[in-house]
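Contents: one structure, followed by commentary.
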Amino acid sequence: MKILVATEKAFVPVAVKQIREVVESAGHELVLLENYKNVTELLAAVSDADAMIVRSDQVTAEVLDAAKKLRIVVRAGAGYDNLDLAACTAHKVVAMNTPGQNSNAVAELAFEMMLYQARNGFGGKSGSELRGKTLGLHAFGNVGKYMAEIAKGFGMDIYAYDPFVSGEQIKKQGIKVCASVEELYSVCQYVSLHMPANDKTRKSIGYDLLKKMPSDAVLVNTARKEVIDEEGLLRIFEERKDFSYLSDVEPDSKGLFEEKYKGRFIFTAKKMGAQTEEANINAGVAAAYQIADYFKTGNEKFKVNK
Ligand SMILES: NC(=O)c1ccc[n+]([C@@H]2O[C@H](COP(=O)([O-])OP(=O)(O)OC[C@H]3O[C@@H](n4cnc5c(N)ncnc54)[C@H](O)[C@@H]3O)[C@@H](O)[C@H]2O)c1
């Protein structure tokens, strides 16, 4: 089988080496399309692929139309909002993600931003500590759990809200459960977002929730920019000088933040959450194993389309 790795933003070389080892030792051929510049290159490369590994690359109906032999596409990462799931199903392509493989990297980035902001960017002005501060985890999946582990080490007071995880499960890990999203935002000085971007969550974090946050509020977003209602966020920034926003995804109105709210935000230059050697290896190799296993045994454990 021909397994295409199509990455507009390439994996680190050591991850590619390990992916190749998994693919070739399973008797398949690896084809690389790295750092491609336009969709035409992707359409050409996918035309004879039996399987494809992608990162944040867009797998649209157009790509699937061009992929005449494709049987499986794996998003090496957690969020799969870049895959058109309905089109995958219509094309009889199995779509998978690799849950949990980059979660520690994302949680560390969230903390790195929190620490940098708490110390005013190490610029000489005295700052604050994380110990004893309230941290709200908005969603308690893989990244949320790593956040909780790190936050315990910092002595933070941790709360979580996740409508799909039982209170018992959250409590078992020594974390306080919030019965509603409003409660989480009312109680927590720091709120960190870890839900997927979908029809329910898009633009769900806006003015009404953010205005509930206690003083010196910090919103941390390593999830997706789509979950933020930017108009509401900008209104909060205008009304509250004590509000900061730390995000792994640049907002659409980045220029406005830079012009008016210096010192109150961090935006990574590009999505950095999973940009570690370890996360690249974990997610890339997991994707390769999932494909090899699917071809060998039909295992669909990580399938995300119907
Ligand atoms: N910045 C990055 O590079 C990067 C890397 C990995 C993941 N992510 C983002 O972080 C998100 C979380 O990653 P993860 O690995 O923890 O995923 P996960 O699937 O393990 O956890 C997602 C959690 O969100 C919860 N959830 C779903 N809908 C919700 C809602 N409406 N309200 C509250 N909670 C809800 C689910 O119950 C689940 O526990 C991903 O979906 C992705 O968007 C970003």
Side-chain angles (χ1 to χ4, degrees), residues 7-9 11-12 54-57 74-83 85 95-114 136-151 159-170 172-173 175 177-185 188 191-206 209 219-229 245-251 266-280 282-284 286-287 301-304:
T7 46
E8 207 172 357
K9 201 164 66 181
F11 285 112
V12 293
V54 295
R55 299 188 71 206
S56 295
D57 310 76
V74 182
R75 149 78 164 123
Y80 44 84
D81 42 328
N82 56 319
L83 309 181
L85 295 186
M96 294 187 184
N97 68 344
T98 62
Q101 301 294 342
N102 57 19
S103 320
N104 180 64
V106 179
E108 284 192 16
L109 181 76
F111 267 84
E112 285 151 8
M113 293 195 292
M114 285 159 64
L137 302 173
H138 191 162
F140 197 65
N142 287 296
V143 179
K145 289 187 184 109
Y146 276 100
M147 285 295 290
E149 286 313 305
I150 301 173
Y159 294 75
Y161 169 78
D162 190 317
F164 305 107
V165 178
S166 77
E168 279 314 302
Q169 245 176 294
I170 295 174
K172 237 192 262 166
Q173 312 206 24
I175 293 150
V177 181
C178 289
S180 68
V181 71
E182 288 78 15
E183 185 188 341
L184 187 85
Y185 284 72
C188 297
V191 171
S192 191
L193 306 177
H194 303 296
M195 72 290 267
N198 58 32
D199 290 345
K200 285 228 167 62
T201 61
R202 256 175 227 114
K203 285 190 187 281
S204 63
I205 313 300
L209 269 184
L219 179 69
V220 187
N221 182 8
T222 58
R224 289 283 186 270
K225 81 172 175 190
E226 288 81 2
V227 303
I228 302 286
D229 168 15
Y245 179 50
L246 319 180
S247 178
D248 186 29
V249 212
E250 288 179 351
I266 298 173
F267 304 142
T268 52
K270 54 181 180 176
K271 194 145 78 70
M272 294 297 297
Q275 296 297 340
T276 65
E277 201 168 276
E278 293 87 343
N280 271 211
N282 292 345
K301 182 174 172 198
F302 297 105
K303 185 174 172 181
V304 291

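Reckoned from all heavy atoms, side chains included, excluding hydrogens, waters and symmetry mates. Read the numbers this way: they start at 1 and go in the same order the structure lists the ligands and their atoms.
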side-chain contact (heavy atoms from CB on, under 4.5 Å) with H194: which of N221, D162, T222?
T222
Of all heavy-atom pairs between V74 and A287, which one has the smallest distance, and what is that distance?
CG1-CB, 3.6 Å
Can you work out which protein residues put a heavy atom within less than 4.0 Å of ligand 1?
A78, G79, N102, V106, H138, A139, F140, G141, N142, V143, D162, P163, F164, V165, H194, M195, P196, T201, T222, A223, R224, D248, K271, G273, A274
Answer yes or no: are there more than 12 heavy-atom neighbours, outside Y245 itself, under 6.0 Å from its atom OH?
yes
For G79, is there any backbone N or O sitting under 3.5 Å from a side-chain donor or acceptor partner on N97?
no
Considering all heavy atoms of both residues, which atom of T201 and which atom of P196 are nearest to each other, and what is their separation?
OG1-O, 2.6 Å
Do Q275 and K9 have side chains that approach each other closer than 4.5 Å (heavy atoms only, starting at C-beta)?
yes
